[in-house]
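These notes concern the structure reproduced below.
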2 protein chains.
Amino acid sequence: MLKHLFNCEHTGRMSGDERREQILRAAVALFSQKGFKGTTTKEIASAVGISEAMVFRHFASKEELYRALLDAKVSGEDKPVFPWETCDDLKRAIEDKDDLAFFYNIALEAMKKHQEDVPFMRLMFYSALEDHSLAEQFFHEFVSRVYDFIGGYIAERQRDGAFREVDPKIAVRAFLGMMIHHSLNNLLWDKRRRLLDIPLETAAKNFAEIMVNGIRA
Amino acid sequence: MLKHLFNCEHTGRMSGDERREQILRAAVALFSQKGFKGTTTKEIASAVGISEAMVFRHFASKEELYRALLDAKVSGEDKPVFPWETCDDLKRAIEDKDDLAFFYNIALEAMKKHQEDVPFMRLMFYSALEDHSLAEQFFHEFVSRVYDFIGGYIAERQRDGAFREVDPKIAVRAFLGMMIHHSLNNLLWDKRRRLLDIPLETAAKNFAEIMVNGIRA
DNA sequence: GTCTATATGACGATAGAC
DNA sequence: GTCTATCGTCATATAGAC
C-alpha cells in the first residue's frame, strides 16, 4: 500500500535511511500539530504504518527523534534559505537602492515561505514555548543574520541620507513584526476566522510603504 | 504554612471558593509554563499543597479546569482592560488629535500589560497552537475591538486629511505586529538571549514614529 | 473538606521470536 | 528489519475513611 514511497526497488524492502526519513516526515506533521507532549510515539508509528517498536529502533527515545527532526529542519538539507540568496528582484532592488522594492520583496518572500511551510512555523513556535534548545539555536543563527542583513541595508541608506536617524535594529524589529505577526495570524486561524484576509502581495506592499515612509529622512 | 493566604479567618478553614481560586491560580502558572498536555494534575495539586483528589472535587476533569481558567482570564473579573479606558494620556492624545502620542501610549500600555501578565500571554499562545476554542473567542471579542478602536481613529484622521489613503485594518495589523512581536520576543527569551534589549518606552516611541510617518499624508 | 488508597488506562521503552 | 508481547511508570480519575 505504501510501495509507491519506496526508494529501494532492488531489495523490495524499505532501507533504513528511507524508513528513518519516513518516520521523520510523519513526526514533523504530528509534532507541529500537537506539540511534543501532545504527540505519542504510537501515533507516529501508525501514521507511518509500522509498529511502535520500529520507531525506537531508529531513534533511541522520543526526545532524540524530536531533536533529530528539529536539527534536520534547522540545519539539514531543507534548511531555511535566505530570500536575498534566491530572489532576483531583491538583488536588483539592492543594486538600484530601490527601498520600496527592497522591503516589498523581503516581506513577500518571507511570508510566502511562512505559508509554504506551516508545519515548520508551528514547530518553531511550539519549541519556543516549550523552550527546546534548538529553537534558541535557530533563532540566533538564522534571525540574527536577518537582522544583520536588513539592518545593514538600513544603515547604508542612512549614510546615503535617504533614511533618518533611527536604530536600525529597532527598525528591523518593527518590520519583522509586521510580517511575522501577519503570518502568525494567517497560520493560527483559518480563512473564515480571520480578521484580515488579504493577498500576501497586498500585505507586503502596504508593510513596505509604511516602513519606507516611516524611516525616510 | 499557607495560613497567610487564607481569607476565611472566622472558620479557620479554607472555603470552597477560596480553595477553587487557589487551584486556578496555581494552574494558570503551570499551564502557561508547560501547556495543557505538559502539565499534570499532580503538579497542580502539590503546587497548592493539597492532594490530587481535591483538584477533582473542585473540577470534574483536567479539561474543565483548563476551560474554567481560560474563561476566568478572558471574561472574568481580571479580564483584559482596554488602554483607552484607563490611560489619561491616551484620552488626551485623542482629544488633541496628537497622532504620535496616540500610537505611543497605545503601544506603551499594551506592551506594559504584556510584560505584567506573561502567564496570560503564554496561555493565549499555547491555546492558539493547541486550538482551544476559548482562545478563538478571546481573539474575536478582544482583538476585534482593538481593530475597531485603532482603525476608527485612523479613519477619522484620514477624513481630516492627516493620514494618506490606506486600509485602516492593514495599518492596524502593521502596528499591532510591531508591538506584539516585540512583546513576544521579550517573553520568549530572557534578557541575556535577546537580540534587542531596549526599554519599553524606547520601543513604543520608535514604533509610534514609524507608524505615524508611515501613514502620514 | 481532606485525606489515603487504588482503579484504569496510556505512555515510553524493551525483549525476544521470526 | 519487523513484529507481538510486555514491562514499569505515570496519568487521570474515583472510592471510601475520617
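Here the structure is a predicted model, which is why all the values come from computation and not from measurement. In what follows, every chain begins at residue 1, and chains take the letters A, B, ... in the order their sequences are listed.
- The CZ atom of B:Phe56 sits 13 Å away from the C1' atom of C:dA7 (whole-angstrom rounding).
- Among the nucleotides C:dT14, D:dT2, C:dG1, the one closest to the side chain of A:Arg19 is D:dT2.
- For B:His58, counting side-chain heavy atoms from C-beta on, the closest listed nucleotide (C:dT2, C:dG12, D:dA11) is C:dT2.
- Taking the centre of each ring, B:Phe103 and B:Phe207 stay at or above the 6.0 Å mark.
- The number of heavy-atom neighbours closer than 6.0 Å to NZ of A:Lys91, taken from other residues, nucleotides and ligands shown, is above 12.
- The NZ atom of A:Lys37 sits 17 Å away from the P atom of D:dT9 (whole-angstrom rounding).
- For B:Arg57, taking side-chain heavy atoms from C-beta onward, the closest of the listed nucleotides D:dA13, D:dC3, C:dT2 is C:dT2.
- When each of C:dG12, C:dT2, D:dC3 is scored by its nearest atom to the side-chain atoms of B:Met54, the top-ranked nucleotide is C:dT2.
- With no hydrogens or angles considered, a side-chain donor-acceptor pair links A:Ser183 and A:His114 at under 3.5 Å.
- If you measure from atom CD1 of A:Ile50 to atom P of C:dA13, you get 15 Å, rounded to the nearest angstrom.
- One atom, CZ of A:Phe36, and another, P of C:dG12, lie 8 Å apart when rounded to the nearest Å.
- Between the C1' atom of D:dC3 and the CD atom of A:Glu52 lies a distance of 13 Å, rounded to the nearest Å.
- Taking only side-chain atoms of B:Ala53, from C-beta outward, the nucleotide of D:dT12, D:dC3, D:dA15 with the closest atom is D:dA15.
- With A:Phe142 as reference, A:Phe82 is the one residue of A:Tyr147, A:Phe120, A:Phe82 to meet the ring-ring contact (aromatic ring centres under 6.0 Å, His included) rule.
- Between the P atom of D:dT12 and the OH atom of B:Tyr66 lies a distance of 14 Å, rounded to the nearest Å.
- For NZ of B:Lys113, the number of neighbouring non-hydrogen atoms (other residues, nucleotides, ligands) closer than 6.0 Å is greater than 12.
- Regarding contacts with the backbone of C:dG12, a side-chain N or O of A:Thr41 is found under 4.0 angstrom from either OP1 or OP2.
- The distance between atom NZ of B:Lys42 and atom P of C:dT4, rounded to the nearest whole Å, is 11 Å.
- Between B:Lys34 atom NZ and D:dC10 atom C1' the separation is 13 Å, expressed in whole Å.
- Ranking C:dT4, D:dT12, C:dT14 by closeness to the B:Lys62 side chain, first place goes to D:dT12.
- Among the protein residues, A:Thr40 comes within range of the sugar-phosphate backbone only, with heavy atoms under 4.0 Å from sugar or phosphate atoms but none that close to a base.
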